[in-house]
Amino acid sequence: MNRANRFRPALGTSDFSKLRRRGAGYVDKSDFVSMVVEDDAEILLIPRPRRFGKTLNLSMLKYFLERSEEDRAPLFEGLRVWSDPAARSHFGRYPVIWLTFKDVKFDDWDGCFTGIRNELSRLCQTHRHLLDRGALTPEAAERFRGVLHRDPEPGIYIDLLKELSEQLAAYHEQPVVILVDEYDTPIHAAYTRGYYTEAVDFFRAFLSGGLKDNPYLFKGVLTGILRVARESLFSGLNNLTVYSILQRRYATAFGFTESEVQAVVDAEANPEAMEALRTWYDGYRFGEHTVYNPWSVLNYIAHDDPYPRPYWLQTGSDDLLRELLLTRGHGLTEDMQRLLSGEAVRKRVDENIVLRDVHQRPDAVWSFLLFSGYLKVEACHFIRRQQVCDLSIPNLEVRAAYEDIFSDWMTVGVGSHDEVDRLTSALLEGDVESVETLLSRLLLHHVSTFDGAGRQPEK
């Protein structure tokens, strides 16, 4: 087949306009726009695992709704949304406030706040016409310049979303759309690096200011990996509607369905690839749909690689996962052994993640693993008004993550890959002396003094 006729994925391109203008391969997810504008909810939070198309979908929504002097119709011609009259009535109509916090992950609060200031300065630069055309009062203009110049005073940023939305709505005589991509990235970094309280306090005030009871707002859409619980971040946002992976709505808007992957494979004229894609990258369940990991599918196609590889695992840090499974003692359990053997475990699932609980409540760990993409739901039940789900590992790629973590754990504890092999051989051959030596080293590295206490000291 001629290379020019193939799907040609645009790896790493999350800007919808750039992808479409390059003529790159695109799986039509434009129904997402129709669903958002028709949704009765004013503010939507749609959490999904990393690399499942959140930024690209939000970018598409921006280019569709945003008022612009450029002709953006060619970006959408031929897509399903362009045949939807109800959605078309919103095309190019609204001023849009676009924020992304995907790169705001620093070692301390000072670094984090610097990253926040840089993003908000960029936002004001995007809407500098308000300042240049005299649309602001002298006081508002002074605050606007302060954000442009990255004023170090935190208070100047707290009301920015609401104030900017009011100014844009007045200037354009239309309500605004607020889009926030990866809203929870700074929260995760803050939690793992010890400045959680400062980050949550800022974002609670900042987001509530722009989203709670804002009369200038048409829609607000936030994406991230987790829904950080109301009491820690979204307190007071009573107009927020959350669509997690357990909800039916938006279930196929992120990730690829079986038919979408089949269409890509057909375009590549490579039918043999389907079985590898299904085994390695399928298995997630959003709502009532089985979903493939889009990042890994596109990488496999783009690299024309006969051997599937764990592409998704290479895109993010697994530090928190390793900490939960190893140093906090959640990993070496009968439940984890059942998962690795291909079985399901039944656990309580809470869609409201309180990060502080992840280390303190064993059931919170399972919710974290599910919503981060490391487990899938096979079935859910309500038992005594609590949501209980059967969870399992979705595919070979994610299974590789668990195996790598435990392999590294063994290697660090025992000494090297060679010594891991020696321990295995010694166990199989009944070499008691070698087993004692290697196992002692492992226990000294990884077992807490508290693990031998209580009613089961044989642990």
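- Under the 30°/60° scheme for interplanar angles, the aromatic rings of F113 and F202 are found to stand perpendicular.
- For E403 and R399, the salt-bridge test passes: some basic side-chain N is under 4.0 Å from an acidic carboxylate O.
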Walk me through whether S30 and M60 qualify under side chain to side chain contact (heavy atoms under 4.5 Å, CB included). CA-CA 8 Å; S30 63; M60 173 178 61; 3.9 Å; yes
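- Between F16 and the choices F32, F76, W98, F64, the ring-ring contact (aromatic ring centres under 6.0 Å, His included) rule is met once, by F76.
- When all heavy atoms of A41 and L44 are compared, the closest pair comes out as O-CD1, 3.6 Å.
- Residues Y195 and A189 approach most closely at OH-CB, 3.9 Å, considering heavy atoms.
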Salt bridge (Lys or Arg N to Asp or Glu O under 4.0 Å) between K54 and E182, intermediate numbers included: CA-CA 8 Å; K54 299 186 295 294; E182 302 289 358; 3.7 Å; yes
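- Contact record, S367 with R348: OG-O, 3.9 Å, taken as the closest heavy-atom pair.
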Determine, step by step, whether Y281 and F256 satisfy the ring pair (Phe, Tyr, Trp, His ring centres under 6.0 Å) criterion, reporting the C-alpha distance in whole Å, the side-chain angles of both residues, the deciding distance to 0.1 Å, and the verdict. CA-CA 10 Å; Y281 311 126; F256 293 162; over 10 Å; no
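- Within a 6.0 Å radius of NZ in K347, more than 12 heavy atoms belonging to other residues, nucleotides or ligands are found.
- Although no hydrogens or angles enter the test, the distance criterion places a donor-acceptor pair under 3.5 Å between the side chain of S208 and the main chain of R204.
- Taking every heavy atom of both residues into account, H381 and D390 meet most closely at NE2-OD2, 3.3 Å.
- In D159, the CG atom is not crowded: 12 or fewer heavy atoms of neighbouring residues, nucleotides or ligands sit closer than 6.0 Å.
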Would Y250 and D31 count as a side chain to side chain donor-acceptor pair (under 3.5 Å) here? Give the steps. CA-CA 9 Å; Y250 302 101; D31 289 340; over 6 Å; no
Would you please test D151 and Y157 for side chain to side chain donor-acceptor pair (under 3.5 Å) and show each step? CA-CA 9 Å; D151 191 305; Y157 302 94; 5.5 Å; no
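- Checking E351 against S244 by side-chain atom types alone, a donor-acceptor pair falls below 3.5 Å.
- A distance of 12.5 Å separates OH of Y216 from CD1 of I178, quoted to the nearest 0.5 Å.
- Between the side chain of R150 and the main chain of S121, no donor-acceptor pair closer than 3.5 Å is present.
- Qualifying ring-ring contact (aromatic ring centres under 6.0 Å, His included) partners for F52, counting only residues two or more places apart in sequence or in other chains: Y284, F286.
- Side-chain atoms of T290 and D282, non-hydrogen and from C-beta on, do get closer than 4.5 Å to each other.
- A salt bridge does not link K219 with D39: none of the charged nitrogens is closer than 4.0 Å to a carboxylate oxygen.
- Taking OH from Y243 and CE from M35, the interatomic distance works out to 10.0 Å, rounded to the nearest 0.5 Å.
- Under the 3.5 Å distance criterion, the side-chain polar atoms of Q247 are left unmatched by any main-chain donor or acceptor of R249.
- Salt bridge annotation for E288-R248: present, with a cationic side-chain nitrogen under 4.0 angstrom from a carboxylate oxygen.
- Annotation: side chain of L217 is in contact with side chain of E42 (closest heavy-atom distance under 4.5 Å).
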What's the verdict on side chain to side chain donor-acceptor pair (under 3.5 Å) for S34 and R80, showing C-alpha distance, side-chain angles and the deciding distance? CA-CA 9 Å; S34 298; R80 288 191 293 270; over 6 Å; no
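- Between V33 and D84 the shortest side-chain heavy-atom distance does not fall below 4.5 Å.
- Using a 3.5 Å distance cut-off with no hydrogens or angles, the side chains of E260 and Y292 do not pair a donor with an acceptor.
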Could you walk me through whether S165 and N214 pass the side chain to side chain donor-acceptor pair (under 3.5 Å) test, one step at a time? CA-CA 9 Å; S165 62; N214 186 346; 3.0 Å; yes
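- Here CG of L375 is found 5.0 Å from CG of L369. Values are rounded to the nearest 0.5 Å.
- A donor and an acceptor atom, one from each side chain of R50 and T315, are located under 3.5 Å apart.
- Considering every non-hydrogen atom in both V388 and R346, the closest pair reads CG1-CG, 3.1 Å.
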Evaluate W312 against Y374 for ring pair (Phe, Tyr, Trp, His ring centres under 6.0 Å), listing each step before the verdict. CA-CA 11 Å; W312 180 70; Y374 290 97; 5.3 Å; yes
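- For the residue pair A24 and A10, the shortest heavy atom distance occurs at CB-CB, 3.5 Å.
- Looking at N293 and R51, their side chains never bring a donor and an acceptor atom within 3.5 Å of each other.
- Atom CZ of R285 sits about 11.5 Å away from atom SG of C389, to the nearest 0.5 Å.
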Please evaluate residues I187 and V200 with respect to the criterion side chain to side chain contact (heavy atoms under 4.5 Å, CB included), reporting the C-alpha separation (whole Å), side-chain torsions for both, the decisive distance (0.1 Å), and the verdict. CA-CA 7 Å; I187 307 300; V200 167; 4.2 Å; yes
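- A distance of 12.0 Å separates CG of L123 from OG1 of T100, quoted to the nearest 0.5 Å.
- The backbone N or O of V398 sits less than 3.5 Å from a side-chain atom of N395, completing a donor-acceptor pair.
- Here the CG-OH distance, from D28 to Y26, works out to 5.5 Å after rounding to the nearest 0.5 Å.
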